[in-house]
Amino acid sequence: MKPRPAPIATSLGRSPTVALLDEAQRQKARGVQVFNLSGGEPDFPTPAHIVRPAVEALEAGFTHYTPSRGLPELRDAIAAKLLAENGITADPETDIVVTPSAKHGMFIALAGVIAPGDEVLVPSPAWVSYAPMITLLGGRPVDVPLDPSDQFTITEEQLTAAVTPRTRAILVNSPNNPTGRMLSPAEADAVTRVARAYDLSILADEIYEHIRYGGRSHVSLAAWPGGTGRTITVNGFSKSHAMTGWRLGYVAGPAAVMREVVKVQEHTVGCAASFVQRGALAAFTDESQVAVREMVASYDGRRRYVVDALNKMSGIACADPEGAFYVLPDISRLGFGSARECGAWLLEHAGVLVTPGSAFGPTVGQHVRLSFAASPETLATAIERLGTALAGRELTQAAAAVSPAAR
Ligand code: PMP
Ligand code: GLU
């Protein structure tokens, strides 16, 4: 008998961001040159001082299971970081779980708080995997569409309007993928007031925490009045430390919830990879702070270059991101039928891979997302090719618009 796929699995689409990253790798393997600005993949190698202890751990035979919550010394380092940088008090014994990726961290955190039929408010645009995770757990993702013309600001009114008796949690990502927006104090107030009024959990995805520009401060909802005691913070190493392939993250929250969350980890993966955790210990050193600062300074330069170059292109309006490493330009004046159509055209005519905004929510169906974590060379070539292709398209359209009679 053939295995019959489960309806809940077949109901999901592929992750658009991962599918595009896969596609770029396939094209590269076939020798086709594609300038990939789709996925959020830092071009930097993982800093050597993080790689070294992981290799040494492997060579020393540190290749067995660790406690399911993660290495005690790594949890200690995470607790110290959360206190010093975020003002979050987390007991390393009871409040922290080291996870194989922030993605899995978010999944088990959601598993720890929602029951089938529960609703989770997800202000959008939002990263592509939140809604499928909630759906897989039998919950219902409730899109709270934010207004691009209001800089995607989260308001108390909008959140309140989406609350029903089944609402259980609010999921917030700051700095945001894909908008680059960072939670302001007023928005943090709005989220925590609604959470308190309806006794909701908050899931705070802070994976881009270190990647921010213009001296902006990062708000951690777990340390915000009204957020403490009800917030589960999800974070990781992929973006800040250029460690996407290591698959390492962590979750911190109140002991009573984390007791349940760790069970999901135990029954799914057991623990994060042992030698990977040894390497990650070096991510909390002064040397790492310097490495992260240097990478962020480089992203900052790329940000200014990309925003400036895109805004010079006719028909494109690009807001300046406050954090993360994406831009989400409005392409509505280019006159494509959809962002997907625009993406396909850019791939065909410029060889540049971007992510259609529609992957992230209904209010950005006329936006595309470009990652500027690509190497400066890739970025410069891609931007030049986009400019040339779009200028050529404009000329063709202008010529077509001149009626034969007028010529
Ligand atoms: N959250 C957001 C907003 C992301 O963009 C990503 C990117 N992969 C993740 C979580 C997951 O990160 P990872 O699984 O690589 O730790
Ligand atoms: N988070 C990145 C992105 O949004 C990487 C791919 C993924 O895991 O979704 O492109």
Side-chain angles (χ1 to χ4, degrees), residues 12-25 36-44 46 50 70 78 97-110 122-134 141 152 171-183 203-212 218 221 232-252 265 268-269 272-273 276-277 279-280 283 299 321-328 343 353-361 364 367-374:
L12 303 179
R14 278 203 66 188
S15 159
T17 46
V18 175
L20 283 169
L21 280 168
D22 284 358
E23 176 60 22
Q25 292 196 356
N36 181 17
L37 306 187
S38 69
E41 176 82 289
D43 71 307
F44 294 103
T46 304
I50 298 176
I78 292 168
V97 176
V98 177
T99 56
S101 81
K103 198 177 265 193
H104 191 257
M106 177 57 81
F107 185 68
I108 64 176
L110 283 162
V122 185
S124 83
W127 179 48
V128 296
S129 288
Y130 301 138
M133 286 180 193
I134 297 163
F152 304 107
L171 196 163
V172 178
N173 167 220
S174 173
N176 185 274
N177 173 9
T179 66
R181 270 292 317 280
M182 289 183 62
L183 208 61
L203 292 133
D205 181 345
E206 305 194 351
I207 193 150
Y208 295 99
E209 168 194 9
H210 290 114
I211 305 169
R212 46 184 207 259
H218 170 73
L221 289 167
I232 307 183
T233 306
V234 178
N235 208 329
F237 303 84
S238 286
K239 315 293 172 167
S240 51
H241 295 76
M243 289 171 66
T244 46
W246 293 60
R247 313 310 299 131
L248 196 68
Y250 56 91
V251 180
Q265 165 122 315
T268 51
V269 291
V276 161
Q277 295 185 59
Y299 294 141
E322 299 168 336
F325 40 51
Y326 307 101
V327 283
L328 190 68
L353 201 56
V354 302
T355 311
S358 40
F360 305 98
V364 283
H367 293 64
V368 291
R369 189 193 74 170
L370 282 65
S371 162
F372 51 88

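Atoms within a ligand are numbered from 1 in the order they appear, just like the ligands themselves. Remember, it's a predicted structure, so these values are computed and weren't measured experimentally.
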With heavy atoms of Gly40 as the reference, note each atom of ligand 2 found under 4.0 Å away. 2 (C), 3 (C), 5 (C), 10 (O)
Out of all atoms in ligand 2, which are within 4.0 Å of some heavy atom of Lys239? Include the element for each. 1 (N), 2 (C), 5 (C)
Who are the salt bridge (Lys or Arg N to Asp or Glu O under 4.0 Å) partners of Glu322, not counting sequence neighbours? Arg181, Arg216
Are the side chain of Ser174 and the backbone N or O of Leu183 linked by a donor-acceptor pair below 3.5 Å? yes
At less than 4.0 angstrom from any non-hydrogen atom of Gly39, what atoms of ligand 2 do you find? 10 (O)
With rounding to the nearest 0.5 Å, note down the distance linking CD in Glu206 to CG in Leu221. 7.0 Å
Looking at ligand 2, is there an atom of it that comes within less than 4.0 Å of some heavy atom belonging to Glu41? no
Counting non-hydrogen protein atoms only, what is the nearest one to atom 10 (O) of ligand 2? Give residue, atom name and distance. Arg369 NH2, 2.7 Å
Can you tell if the side chain of Thr268 reaches within under 4.5 Å of the side chain of Pro100, non-hydrogen atoms only? no
With heavy atoms only and a cut-off of under 4.0 Å, state how Asn177 meets ligand 2: side chain, backbone, both or neither. side chain
Quick one: nearest non-hydrogen protein atom to atom 7 (C) of ligand 2, plus distance? Thr17 OG1, 3.4 Å
Check each atom of ligand 2 against the heavy atoms of Lys103 and keep those under 4.0 Å away; list them by number with element. 7 (C), 8 (O)
What do you reckon, does Trp127 have a nitrogen or oxygen under 3.5 Å from a nitrogen or oxygen of ligand 2? yes
Taking the six-membered ring for Trp, are Tyr326 and Tyr208 closer than 6.0 Å centroid to centroid? yes
Sorted by chain and number, sequence neighbours left out, ring pair (Phe, Tyr, Trp, His ring centres under 6.0 Å) with Trp127 holds for Tyr130
Check whether any side-chain heavy atom of Thr355 lies under 4.5 Å from a side-chain heavy atom of Val128, and answer yes or no. no
Suppose we screen for side-chain contact (heavy atoms from CB on, under 4.5 Å). Which residues come up paired with Ala131, at least two apart in sequence or across chains? Pro141
Ignoring hydrogens and angles, state whether a donor on the side chain of Glu41 or Thr244 is under 3.5 Å from an acceptor on the partner side chain. yes
Mind checking whether Asn177 and Ile207 have side chains closer than 4.5 Å, heavy atoms only? no
With side chains defined as the heavy atoms from C-beta onward, is the minimum distance between Leu248 and Val98 less than 4.5 Å? yes
Is the contact between Phe325 and ligand 2 made by the side chain, the backbone, both, or neither, using heavy atoms and a 4.0 Å cut-off? neither
Output for ligand 1, non-hydrogen cut-off under 4.0 Å, lists Ser101, Ala102, Lys103, Trp127, Tyr130, Asn173, Asn177, Asp205, Ile207, Tyr208, Ser238, Lys239, Arg247
